[in-house]
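Here the structure is laid out as structure tokens; the discussion comes afterwards.
Here is the naming used below: chain letters follow the sequence lines, and residue numbers restart at 1 for every chain.
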Protein chains: 2
Amino acid sequence: MESRIDRIKKQLHSQSYKLTPQREATVRVLLENEEDHLSAEDVYLLVKEKAPEIGLATVYRTLELLTELKVVDKINFGDGVSRYDLRTEGADHFHHHLVCIECGAVDEIQEDLLGDVEKVVEEGWNFKIKDHRLTFHGICHRCHSDDGNEDKGSGE
Amino acid sequence: MESRIDRIKKQLHSQSYKLTPQREATVRVLLENEEDHLSAEDVYLLVKEKAPEIGLATVYRTLELLTELKVVDKINFGDGVSRYDLRTEGADHFHHHLVCIECGAVDEIQEDLLGDVEKVVEEGWNFKIKDHRLTFHGICHRCHSDDGNEDKGSGE
DNA sequence: TAGAATAGGATAATGATTCTTTTTTAATAA
DNA sequence: TTATTAAAAAAGAATCATTATCCTATTCTA
Ligand SMILES: [Mn+2]
Ligand SMILES: [Mn+2]
Ligand SMILES: [Zn+2]
Ligand SMILES: [Zn+2]
């Protein structure tokens with residue numbers, strides 16, 4: 001975890017940005033909640049717990065900066081807010097998402113799966129792919145009744 | 001085109017909604033601009049040309065209704081506005097998009113391409129897929145310089 | 001240290017979307 | 001047809017997420 005912060009710090013420095021205390025607190029929150037898909041407001045509230053003096057605008061500015069640096073990806077699941085997702089280190093593709101229309105849970109798929117499809121698209125459409133966004137909407141494994149488990153989870 | 005409006009009309013009626021003049025004007029605008037990815041505001045301005053008395057809120061309500069009925073799909077390319085895309089008639093999957101990071105153009109892929117991937121996801125993640133969203137970001141064929149065509153297009 | 005650049009805090013402004021209230025229109029019953 | 005009722009629309013206020021502004025604080029440089 002510390003090493004990860006260090007690497008992000010280096011990345012900031014390489015573009016002549018500084019890892020200020022506020023930025024570090026924000027990054028820590030993101031790292032500590034890597035499983036989740038936090039909105040700017042979510043991040044703000046969590047950062048406040050450890051650095052109560054931080055302002056919402058700073059969180060927005062920091063998230064924007066981290067997005068530019070590709071440390072996080074900004075995504076939108078159609079609920080009116082942007083969410084920020086830490087990019088898996090070393091992965092050259094953005095991971096995919098499974099959004100459950102029953103309970104609202106958002107699960108992740110780290111496997112690429114799109115290799116063949118991208119080849120087809122690049123050749124068939126003469127389009128140079130730099131990034132992708134893939135989200136499936138459906139019923140998650142927790143919401144299937146076939147296993148008798150009626151627990152609907154708390155969602156995301 | 002008329003037949004398409006008729007079918008949408010039937011679809012509305014089957015849920016006991018009416019195809020009011022405002023709704024019809026909105027649907028016509030969507031049909032006439034099927035290639036584009038209009039925001040609510042875009043639709044509003046276009047509808048105004050033929051039905052100047054329509055209100056913006058009505059356009060929003062209509063688009064929401066059409067989304068519910070799966071006549072259109074609401075999508076978000078990350079530019080802060082929702083866009084509304086007429087669902088291809090008879091297609092059981094939502095089409096994919098190519099967003100050019102150079103000129104902003106949005107092209108469509110009507111081919112499914114995801115059949116195999118979805119099978120893997122359904123089995124590997126025990127997730128029942130109902131819908132999907134797939135967008136590629138990259139350089140479109142118009143923005144490639146290798147063909148010597150420097151026309152950057154007008155974007156979307 | 002003085003001056004410049006970078007960043008943060010507070011809050012106003014913006015812009016998209018939704019809500020509320022009132023009016024209009026359409027459908028139905030007498 | 002006329003009164004009744006419900007659905008839908010118009011207008012504009014309200015909300016909510018996000019961005020801009022203005023000023024202060026911090027860091028860097030000469
Ligand atoms: Mn994720
Ligand atoms: Mn489309
Ligand atoms: Zn679920
Ligand atoms: Zn292009």
Side-chain angles (χ1 to χ4, degrees), chain A residues 8-9 11-29 37-69 71-85 156, chain B residues 8-9 11-29 37-69 71-85 156:
Chain A
I8 291 170
K9 187 174 185 173
Q11 218 178 327
L12 282 163
H13 284 166
S14 77
Q15 312 267 138
S16 55
Y17 292 113
K18 308 164 199 168
L19 184 63
T20 65
Q22 291 91 338
R23 286 176 182 168
E24 181 170 340
T26 303
V27 170
R28 280 186 191 281
V29 161
H37 298 89
L38 304 174
S39 66
E41 180 87 26
D42 294 337
V43 174
Y44 172 62
L45 293 174
L46 289 167
V47 174
K48 276 224 128 179
E49 291 175 7
K50 50 178 69 169
E53 76 290 351
I54 200 171
L56 177 58
T58 300
V59 171
Y60 270 101
R61 279 187 292 244
T62 302
L63 291 171
E64 189 188 8
L65 177 61
L66 293 173
T67 303
E68 258 179 54
L69 296 177
V71 171
V72 301
D73 279 295
K74 190 177 181 180
I75 44 179
N76 193 301
F77 293 127
D79 60 348
V81 293
S82 293
R83 296 179 180 279
Y84 298 85
D85 207 354
E156 156 90 353
Chain B
I8 291 170
K9 186 173 185 175
Q11 218 179 327
L12 283 164
H13 284 165
S14 77
Q15 311 266 137
S16 54
Y17 291 114
K18 307 164 201 170
L19 184 64
T20 64
Q22 291 89 341
R23 287 177 182 166
E24 181 171 340
T26 303
V27 170
R28 278 184 193 282
V29 161
H37 298 90
L38 305 174
S39 68
E41 182 87 24
D42 294 337
V43 174
Y44 171 62
L45 293 173
L46 288 167
V47 174
K48 275 223 131 180
E49 291 175 8
K50 47 178 71 173
E53 75 292 350
I54 201 171
L56 177 57
T58 299
V59 170
Y60 270 102
R61 277 187 297 249
T62 301
L63 291 171
E64 190 188 8
L65 177 61
L66 293 173
T67 303
E68 258 179 54
L69 295 178
V71 171
V72 301
D73 279 295
K74 191 176 180 179
I75 44 178
N76 194 300
F77 293 126
D79 60 349
V81 293
S82 293
R83 295 178 181 279
Y84 297 85
D85 207 354
E156 158 87 358

Separation of [X] atom [atom1] from [N] atom [atom2], in whole Å?
X	N	atom1	atom2	result
B/L56	C/dT18	CG	C1'	10 Å
A/K18	D/dC28	NZ	P	5 Å
A/L45	D/dA17	CG	C1'	14 Å
A/E64	D/dT18	CD	P	12 Å
A/L65	C/dT6	CG	P	13 Å
B/Q22	D/dA9	CD	P	5 Å
A/D79	D/dC16	CG	P	14 Å
A/E53	D/dA25	CD	P	14 Å

Please list every donor-acceptor pair under 3.5 Å in which a side-chain atom of residues 71-81 of chain A meets a protein atom from a residue at least two apart or in another chain.
unit_1 : atom_1 : unit_2 : atom_2 : d
A/D73  : OD1    : A/R87  : NH2    : 3.2
A/D73  : OD1    : A/R133 : NH2    : 3.1
A/D73  : OD2    : A/R87  : NE     : 2.8
A/D73  : OD2    : A/R87  : NH2    : 3.4
A/N76  : OD1    : A/G78  : N      : 2.8
A/D79  : OD2    : A/R83  : NE     : 3.3
A/D79  : OD2    : A/R83  : NH2    : 2.9

Measure distances between side-chain N and O atoms of A/R61 and base N and O atoms of C/dG9, and say whether any donor-acceptor pair falls under 3.5 Å.
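Counting by modelled atom types and ignoring angles, a donor-acceptor contact under 3.5 Å is found here.
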
Between [options], spot the one nearest the side chain of [X], thanks.
X	options	answer
B/A57	D/dA20, D/dG12, D/dA17	D/dG12
A/Y17	C/dA7, D/dA8, D/dT18	C/dA7
A/R23	C/dA27, C/dA7, C/dT17	C/dA7
B/S82	C/dT17, D/dA10, D/dA17	C/dT17
B/A40	C/dT17, D/dT18, C/dA27	C/dT17
A/T20	C/dT17, C/dG8, C/dG9	C/dG8

Taking only residues two or more places apart in sequence, or in another chain, which ones meet B/T58 in a side chain to side chain donor-acceptor pair (under 3.5 Å)?
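For B/T58 the side chain to side chain donor-acceptor pair (under 3.5 Å) partners, ignoring immediate neighbours, are B/R61.
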
#### Entry: the helix from C/dT1-D/dA30 to C/dA30-D/dT1: angle between end helix axes, five pairs per end, rounded to 10 degrees
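Computed from the C1' atoms at both ends, the axes differ by 10°.
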
Quick one: does any side-chain atom of A/Q11 pair with a main-chain N or O of A/L69 as donor and acceptor, under 3.5 Å?
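Judged by distance alone, yes, a pair lies under 3.5 Å.
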
Task: Interatomic spacing from OH in A/Y17 to CG in A/L66 - rounded to 0.5 Å - done: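 One finds 10.5 Å between OH of A/Y17 and CG of A/L66.
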
Q: Please round to the nearest 0.5 Å and tell me the distance separating atom CG of B/L45 and atom CD1 of B/I54.
A: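 Rounded to the nearest 0.5 Å, the CG-CD1 separation comes to 11.5 Å.
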
Check your understanding: Does OP1 or OP2 of D/dT19 have a side-chain N or O of A/Y60 closer than 4.0 Å?
Key ->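 No.
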
> Within a strict 4.5 Å, meaning less than it, do heavy atoms of the B/E41 and B/L56 side chains meet?
Replying inline: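 The answer is yes, as the side chains (C-beta and beyond) meet within the 4.5 Å cut-off.
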
Check: Counting any heavy atom closer than 4.0 Å, what does A/S39 reach on the DNA or RNA strands: base, sugar-phosphate only, or nothing?
Finding: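 Touches nothing.
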
task = Remember a base hit wins even if backbone is also touched, and classify A/E41 as base, sugar-phosphate or nothing at under 4.0 Å, heavy atoms.
result =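 Touches nothing.
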
Which heavy atom of B/L12 sits nearest to which heavy atom of B/K18, and what is that distance?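 So the two residues come closest at CD1-O, 4.1 Å.
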
* **Heavy-atom closest pair, residues B/S39 and B/Y84** =>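 Where B/S39 meets B/Y84 most closely, the heavy atoms are C-CD1, 4.4 Å.
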
* Could you pick out which residue, B/P21 or B/V81, lies toward the 5' side of DNA chain C when each is mapped onto its nearest nucleotide? =>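 Upstream on the strand: B/V81.
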
